[in-house]
**Student:** 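Please see the structure below; I have some questions.
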Amino acid sequence: MTDAGKRLRRIIAVAALVPLAIGCSKPDPFARQPVKGTITWQGKPIQFGTVTFEPAGGQKTGAPASIADGAFSLGRDAGPSPGNYAVWVHAFDRGADPPPGTAPGEEGPPPKEILPEKYRTNAAGQFEVKQVKDDTPNELKLDLP
């Protein structure tokens, strides 16, 4: 058999194994769930910030997400496991990315936290993440007073 024939056989063998490898992927051991939501402060969307789901019931996973224009989204691959969570929120006076064309060193001071001290030392709320069968996310709507 020629070298070209041997290569062709190897390519065919590998191509036959690819569907098997894809079909044998392991399920997520944490059963992560999708979550999306909106977060407002005093009735206005938080423009820049973070939301973190901290396990409050022995779950093995937590999950952070960025807030932009009052909204956040976590897909199933990055979401928290089912269960109860303390929800921590931080909001900043501006985004972390400087405007395009900004030279290094001209970004100005770092963003400042704009929420009251009580949100820096206490969770902003509680949320139960439920198991979903499809990719319809759990939905959190949080209005911070």
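Just so it is clear, the model here is predicted, and its values are computed rather than measured.
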**Student:** When clusters are formed by joining ILVMFWY residues with side-chain heavy atoms under 4.5 Å apart, either directly or through shared neighbours, do Val129 and Val132 land in the same one?
**Tutor:** no
**Student:** With Ala63, which residues qualify under side chain to side chain contact (heavy atoms under 4.5 Å, CB included), at least two apart?
**Tutor:** Leu74, Pro80
**Student:** When you group the ILVMFWY residues by side-chain heavy-atom contacts below 4.5 Å and let the links chain together, are Phe72 and Leu142 in the same group?
**Tutor:** yes
**Student:** Are any side-chain N or O atoms of Asn84 and backbone N or O atoms of Gly57, one a donor and one an acceptor, separated by less than 3.5 Å?
**Tutor:** no
**Student:** Can you list the residues that meet the salt bridge (charged side-chain N to carboxylate O under 4.0 Å, His left out) rule with Asp135, with sequence neighbours excluded?
**Tutor:** Arg76
**Student:** Would a distance-only check, ignoring hydrogens and angles, find a side-chain to backbone donor-acceptor pair under 3.5 Å from Glu139 to Pro137?
**Tutor:** no
**Student:** To the nearest 0.5 Å, what is the distance between CG on Leu140 and CD1 on Ile39?
**Tutor:** 5.5 Å
**Student:** Check the side chains of Ser81 and Thr61 for a donor-acceptor pair under 3.5 angstrom, ignoring hydrogens and angles.
**Tutor:** yes
**Student:** Is there a side-chain contact between Ile67 and Val89 in this structure, where contact means two heavy atoms from C-beta onward sitting under 4.5 Å apart?
**Tutor:** yes
**Student:** What distance do Lys130 atom NZ and Asn138 atom CG have between them, rounded to the nearest 0.5 Å?
**Tutor:** 8.0 Å
**Student:** For the residue pair Tyr85 and Phe53, categorise the inter-ring angle as parallel (less than 30°), tilted (30 to 60°) or perpendicular (more than 60°).
**Tutor:** perpendicular
**Student:** Sort and list the pairs that fulfil salt bridge (charged side-chain N to carboxylate O under 4.0 Å, His left out) and have at least one residue in residues 32-42, not counting sequence neighbours.
**Tutor:** Asp28-Arg32
**Student:** About how many Å separate CZ of Phe92 and NZ of Lys112, when rounded to the nearest 0.5 Å?
**Tutor:** 13.0 Å
**Student:** Could you measure the distance from the OG1 atom of Thr52 to the NE2 atom of His90? Nearest 0.5 Å is fine.
**Tutor:** 6.0 Å
**Student:** Looking only at heavy atoms, what is the nearest atom pair of Ala56 and Gln126, with distance?
**Tutor:** CB-OE1, 4.3 Å
**Student:** Would you check if Gln131 and Pro82 make a side-chain contact, meaning some heavy-atom pair closer than 4.5 Å?
**Tutor:** yes
**Student:** Minimum heavy-atom separation for Ala31 to Gln33, with atom names?
**Tutor:** O-NE2, 2.7 Å
**Student:** Could you grab the distance from atom CH2 of Trp41 to atom CG of Leu115, nearest 0.5 Å is fine?
**Tutor:** 6.0 Å
**Student:** Taking atom CG of Asp93 and atom CD1 of Ile114, what is their separation to the nearest 0.5 Å?
**Tutor:** 7.0 Å
**Student:** Quick check: is Trp88 connected to Leu144 through a chain of hydrophobic side chains (ILVMFWY, heavy atoms under 4.5 Å apart)?
**Tutor:** no
**Student:** Identify the two heavy atoms, one from Ala123 and one from Ala86, that lie closest to each other, and give their separation to 0.1 Å.
**Tutor:** CB-CB, 3.9 Å
**Student:** Quick check: closest heavy atoms across Gly70 and Pro45, and the distance to 0.1 Å?
**Tutor:** CA-CB, 3.7 Å
